[in-house]
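To start, the structure under review is shown below, and the notes come after it.
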Amino acid sequence: QVQVAESGGGSVQAGGSLRLSCTASGDRDTVNCVGWFRQGPEKEREGVAAINLRGDTIYADAVKGRFTISQDSSGRQVHLQMDSLKPDDTATYYCAKTSTCTWFTAPQLVRDDYDTWGQGTQVTVSS
């Protein structure tokens with residue numbers, strides 16, 4: 001069974017950048033159909049960005065133009081480049097994948113579409 005783990009969180013000032021990584025471990029060690037979610041203080045977990053096998057991507061309106069999701073050529077990592085960070089981006093960021101990923105699966109920002117989750121990494125943006 002593939003597991004995923006996040007890395008790259010930290011503290012940054014507003015306007016700064018961070019790069020999060022989602023790494024697979026376990027059977028086949030690949031991550032496909034991956035979504036990034038975040039949960040801020042006293043907020044619901046929300047979708048941020050997702051990517052599918054074809055490299056199609058989708059972003060939440062709040063992060064469009066500032067965040068970029070990508071997959072490396074090895075298939076073992078998915079990255080979330082976060083630029084122009086704002087205090088509202090402060091949250092625990094989670095990587096998730098679906099075990100039902102196919103070539104035709106569209107990228108999704110719906111929590112229930114994902115069945116494997118990492119433990120999360122904290123991102124704090126100060127003003």
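Basis for what follows: all heavy atoms, side chains included, without hydrogens, waters or symmetry-related copies.
- Among all heavy-atom pairs drawn from Leu18 and Leu85, the shortest one is N-CD1, 3.8 Å.
- The NE2 atom of His79 lies 11.0 Å from the SG atom of Cys95; values are rounded to the nearest 0.5 Å.
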Given the rule in the salt bridge (Lys or Arg N to Asp or Glu O under 4.0 Å) test, do Lys64 and Asp61 qualify, once you have shown the distances and angles that lead to the verdict?
CA-CA 5 Å; Lys64 280 181 182 177; Asp61 289 344; 3.1 Å; yes

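- Between Gln108 and Thr98, every side-chain heavy-atom pair lies at or beyond the 4.5 Å cut-off.
- Placement of Tyr114 and Val78 in two distinct hydrophobic clusters is found when ILVMFWY residues are connected by side-chain heavy-atom separations under 4.5 Å, directly or transitively.
- A chain of hydrophobic side-chain contacts below 4.5 Å, direct or via other Ile, Leu, Val, Met, Phe, Trp or Tyr residues, connects Val63 to Val12.
- Gln81 CD to Phe67 CZ: the interatomic distance, rounded to the nearest 0.5 Å, is 9.5 Å.
- The closest side-chain heavy-atom distance from Trp117 to Arg111 is below 4.5 Å.
- With a 6.0 Å cutoff to the six-membered ring centre and a 45° limit on the axis angle, Arg45 counts as a cation-pi contact of Tyr94.
- The minimum heavy-atom distance linking Thr124 with Gln122 is given by the pair OG1-NE2, 3.4 Å.
- The cluster map of Ile, Leu, Val, Met, Phe, Trp and Tyr, joined by side-chain heavy atoms under 4.5 Å apart, puts Ile69 and Phe37 in different clusters.
- Side-chain heavy atoms closer than 4.5 Å link hydrophobic residues (I, L, V, M, F, W, Y) into clusters, and following such links, possibly through other members, connects Tyr59 to Trp36.
- Side-chain contact between Lys86 and Arg66 is present, with heavy atoms from C-beta onward closer than 4.5 Å.
- Looking at Tyr93 and Met82, their side chains come closer than 4.5 Å, going by heavy atoms from C-beta outward.
- Of all the heavy atoms in Pro107 and Asp56, the pair that sits closest is CG-O, 3.7 Å.
- Side chains of Asp115 and Ser99: a donor on one and an acceptor on the other come within 3.5 Å.
- In terms of heavy atoms, Val4 sits closest to Cys22 at CB-SG, 3.8 Å.
- Minimum interatomic distance between Ala14 and Pro87 (heavy atoms only, all atoms of both residues): CB-CD, 4.1 Å.
- For the pair Arg76 and Thr23, the minimum side-chain heavy-atom distance is below 4.5 Å.
- Rounding to the nearest 0.5 angstrom, the gap separating the CG atom in Leu80 from the OG1 atom in Thr121 is 11.0 Å.
- Residues Ala91 and Arg38 come closest through the heavy atom pair CB-CB, 3.8 Å.
- Side chains of Thr100 and Thr105 form no contact here, defined as non-hydrogen atoms less than 4.5 Å apart.
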